[in-house]
Q: 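One structure is given below, represented as structure tokens, and several questions about it will come after.
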Amino acid sequence: MKMSQLFSKTLREAPAGAESKGYEFLLRAGFIRQLGAGIFSSLPLGLRTVRKIENIIRAEIDAIGGQEIQMPLVNPADIWKETGRFYSIDKELSRFEDRTGRDMVLAMTHEEAATDIARGEIDSYKKLPSLIYQIQTKWRDDPRPRAGLIRVREFTMKDSYSFDKDWEGLEKQYKAHYEAYFKIFGKCGLPVIAVGSDSGMMGGKVAHEYMYLSPIGEDSIVICPDCGLTANRQVATFKKEIFSEDPLEMEEVHTPGTKTIDDLATFLDIPKSKTAKGVFMMGSYTNDEGEEYEELICAVIRGDLDVEEAKLQNAAKANGLRPAHEDEIRAQGIVPGFGSPIGTAVKNIIVDDSVSSSNNLVAGANKEEYHFINTNFERDFNGTVADIASAAEGYICPDCGTPLTMSKGVEVGNIFQLGTRYSEAMGCSFQTEQGKRAPVIMGSYGIGVGRLLACLAEETSTETGLQLPITVAPYQVHLVGLVKNSTVPEEIYEELQRRGVEVLFDDRKASPGVKFNDADLIGIPNRITIGNRGLKENSVELRVLGEEESSMVPITEIADRIQQIISSQISAIYDTMVVKSL
RNA sequence: CGGGCUGUAGCGCAGGGGCUAGCGCGCUUGGUUCGGGACCAAGAAGUCGGCGGUUCAAAUCCGCCCAGCCCGACCA
């Protein structure tokens, strides 16, 4: 590609609002342009990179038996009604009516569409296992897009769907993805870790997320520095100290001005772990008619811990949670600040196991300025016991007892064992060897392509610009021509192209400074500079980005040299790739 | 959805009731320069986010709306 013909231009200054380095350079180098909040166009350089990422993904998913298909972005709402997600997912799922008034949705993921295809195509165990995937646009109307390409509304995603006749089969496909994902991220040059995760709106049991650890991330990751346990904070467990003792008689005590646990503990001169706090949320639910309703949830947790909302939502089997308003709390006979489930009308009570395994805790008396001391689970109040506590820095690893550390991460991929959640809801079954019908066992596996690019830009950028790895960089060589009245640059360009090397040739009539700065900004891994100095000795300058020194190479050897370098750069990435297995 | 900020040329910004709306970069033409964002000269380019109001007069004041960014709620 000749830069004089390149569609995009580089920007000297960062557009307003480009907060992170990676995002700024993607804009300035002309990879992407913004069209609206969370909506981006890919320009030629950006699209070339995206295509390379996609092809790496294709190769690895093909290698584990995937067959590429394409499903539509617009789905009839019917299939989303079949699984109930039409009702349970909030405004993030965009709905509209077609001209005849039929409900339609813009697909934010494709479990429904994939299951619909599968129920048509898979009729026998002989067709299983099978794996389909696509690389396609998704629309999720995120309430708050931000951080450039990290959190967008329209994005490209690779999503695969596995179908099996039994759980062993699912397990196998799941493991295959687990490894394939490490290869994909490894070949792209992005360091990631796999963490145990919440299955969220996907349903299902086992799930992992692939996290790029970075301060720009919005997910909190719990890491055990000793045994290597990793988990999203949404599901991370930890060892809770247990304080059990003989139950004592419950008593009401006057506790003026103690609306918070800190105040209460100070006032009574007890540790926070001797208190139980009530956290009140409104959970949204769907009834059998598909109508939404809300119900107050009272979460009870020991005063020294905090509630993890994702865990609470799962334990309460709610579609969503929001903090309850004061009047909603009072309507159940609870007094905010002095609240607990004791003596109230609340039915939906979730009790953290820290509370059920402790005794004689101080809890709200639902009366202004009063608390009960010596409250005990089961004797004084009841509820569903679950782990709803949020892990934090320094908490104890449940596996090895080491203090945990926390890190921020960006989720670039995820894998879910769905089981029969969709196949049962949509009647996707097959005939077994015994001649019976059984629901297909499913898995779903996603990678955010644009987000992966954004993370790569973040990870590899230098002070002066991008520096994407050779495997995904838009071009392999940047040829900078500084000489006039010489056919050498054009000849080298043509020779490299003839050999299949991907070259960006700066043939513009611009000053050397402009060309070098643009080359730095775009950051193609190898740079050949043709200047008068070298030309006198029939050589050109070769610079490999990331290396200190550049070298002079005879014109006759440059094509061979560059091909060697490119292949060694690719093998260096492949060789250092860390692939983990489940 | 709550709070804050911003919308003026392609990009970054200044201007803040009155006369022809400016600056830097970028862009066009001509010339010089030619290994780290060169210089000279001449140009092109604006519904001042939109609608309405106040006024003799609005980019400027007022109201409503829209869009984008940041923080939070939210989120695969």
Side-chain angles (χ1 to χ4, degrees), chain A residues 8-20 23-24 27-28 30 33-40 85 89-93 107-111 138-148 150-153 155 157-159 197-204 207-211 217-220 232 234 281-282 284 309-310 313 319-323 409-416 444-448 450-451 464-465 480-486 506 508-521 527-536 540-541 543 550 552:
Chain A
S8 59
K9 66 175 178 185
T10 55
L11 305 174
R12 286 207 181 183
E13 289 175 281
E19 299 272 309
S20 74
Y23 178 37
E24 179 191 328
L27 287 167
R28 285 184 52 204
R33 292 288 181 256
Q34 182 170 19
L35 184 57
I39 307 176
F40 288 84
R85 289 208 289 186
I89 297 176
D90 201 32
K91 287 184 182 152
E92 217 183 340
L93 176 66
M108 54 196 291
T109 173
H110 282 82
E111 280 75 18
K138 304 277 183 272
W139 170 261
R140 294 185 190 178
D141 198 359
D142 195 291
R144 174 132 139 68
R146 67 182 116 187
I150 300 282
R151 197 169 142 182
V152 293
R153 296 193 293 172
F155 58 99
M157 184 171 178
K158 185 290 299 178
D159 43 328
S197 75
D198 183 35
S199 52
M201 67 170 180
M202 293 299 179
H208 284 88
E209 290 169 341
Y210 289 76
M211 291 287 177
E218 296 188 59
D219 284 282
S220 294
N232 193 310
Q234 294 179 331
M281 308 288 290
M282 293 303 286
S284 52
E309 282 190 25
Q313 183 174 330
N319 296 331
L321 292 181
R322 65 169 175 84
V410 181
E411 180 190 348
V412 286
N414 52 41
I415 55 178
F416 296 102
S444 114
Y445 317 83
I447 290 178
R451 192 180 269 189
T464 53
V480 181
L482 298 179
V483 289
K484 280 197 197 118
N485 309 319
S486 164
D506 196 343
R508 295 174 301 173
K509 275 177 70 176
S511 71
V514 169
K515 292 186 176 188
F516 286 132
N517 278 291
D518 278 350
D520 289 342
L521 191 56
R527 184 179 309 167
I528 298 170
T529 306
I530 303 162
N532 283 318
R533 285 187 212 152
L535 225 46
K536 283 182 198 143
V540 295
E541 181 188 333
R543 178 151 172 250
S550 60
M552 298 307 291

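Lettering follows sequence order; numbering is per chain, from 1.
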Q: Okay, side chain of A:K158, backbone of A:Y445: is any donor-acceptor separation there less than 3.5 Å?
A: yes
Q: Take atom CZ of A:F416 and atom C1' of B:A76, then tell me their distance rounded to the nearest Å.
A: 6 Å
Q: Should A:R146 be listed as having a side-chain N or O under 4.0 Å from OP1 or OP2 of B:G72?
A: yes
Q: Check every atom of B:G12, B:C75, B:G10 against the side chain of A:A16 and return the nucleotide holding the closest atom.
A: B:G12
Q: Atom CE of A:M211 and atom P of B:A76: how far apart are they, to the nearest Å?
A: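 That distance rounds to 11 Å.
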Q: Could you state the atom-to-atom distance from NE2 of A:H208 to C1' of B:A76 in whole Å?
A: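 Atom-to-atom, A:H208 to B:A76, this comes out as 16 Å.
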Q: Whole-Å distance between B:C69 C1' and A:I150 CD1?
A: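 Whole-Å distance recorded here is 16 Å.
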Q: Strictly under 4.0 angstrom, non-hydrogen atoms only: write out the protein contact profile of nucleotides 33-45 of chain B, one letter per nucleotide from the 5' end, B, S or -.
A: BBBBBS-------
Q: Considering only the C1' atoms, how many Å lie between B:A45 and B:C25, rounded to the nearest integer?
A: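 These two C1' atoms come out 14 Å apart once rounded.
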Q: Using whole Å, what does the distance between atom P of nucleotide B:C1 and atom CG of A:L321 come to?
A: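 Rounded to whole Å, this separation is 20 Å.
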Q: Mapping A:E309 and A:L35 to their closest nucleotides on RNA chain B, which lands nearer the 5' end?
A: A:L35
Q: Can you tell me, in whole Å, how much space there is between the P of B:C48 and that of B:U8?
A: 11 Å
Q: From the set B:C69, B:G12, B:A76, return the single nucleotide nearest to any side-chain atom of A:R451.
A: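 So the nucleotide nearest the side chain must be B:A76.
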Q: For A:K91 and B:C74, what is the distance between atoms NZ and C1' respectively, to the nearest whole Å?
A: 12 Å
Q: Between atom CD in A:E13 and atom P in B:C27, what is the gap in whole Å?
A: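 So the CD-P distance, A:E13 to B:C27, works out to 14 Å.
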Q: What contact category does A:Y445 fall into here, base, sugar-phosphate, or nothing, at under 4.0 angstrom with non-hydrogen atoms?
A: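 The residue A:Y445 makes no contact with any strand.
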Q: A:P15 near the nucleic acid: base, sugar-phosphate alone, or nothing, with a heavy-atom cut-off under 4.0 Å?
A: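 Sugar-phosphate, backbone atoms only, no base.
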Q: Is A:R508 salt-bridged to A:D506, cutoff N-O under 4.0 Å?
A: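 Result for this pair is yes, salt bridge flagged.
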Q: What nucleotide, of B:A76, B:G24, B:G26, holds the atom closest to the side chain of A:E411?
A: B:A76
Q: When only distance counts, do a donor and an acceptor, one from the side chain of A:Q34 and one from the base of B:G68, lie under 3.5 Å apart?
A: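 Not at all, since no donor on one side and acceptor on the other fall under 3.5 Å apart.
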Q: Indicate yes or no: does A:D141 engage A:R153 in a salt bridge with an N to O separation below 4.0 Å.
A: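 The answer is yes: the pair qualifies as a salt bridge.
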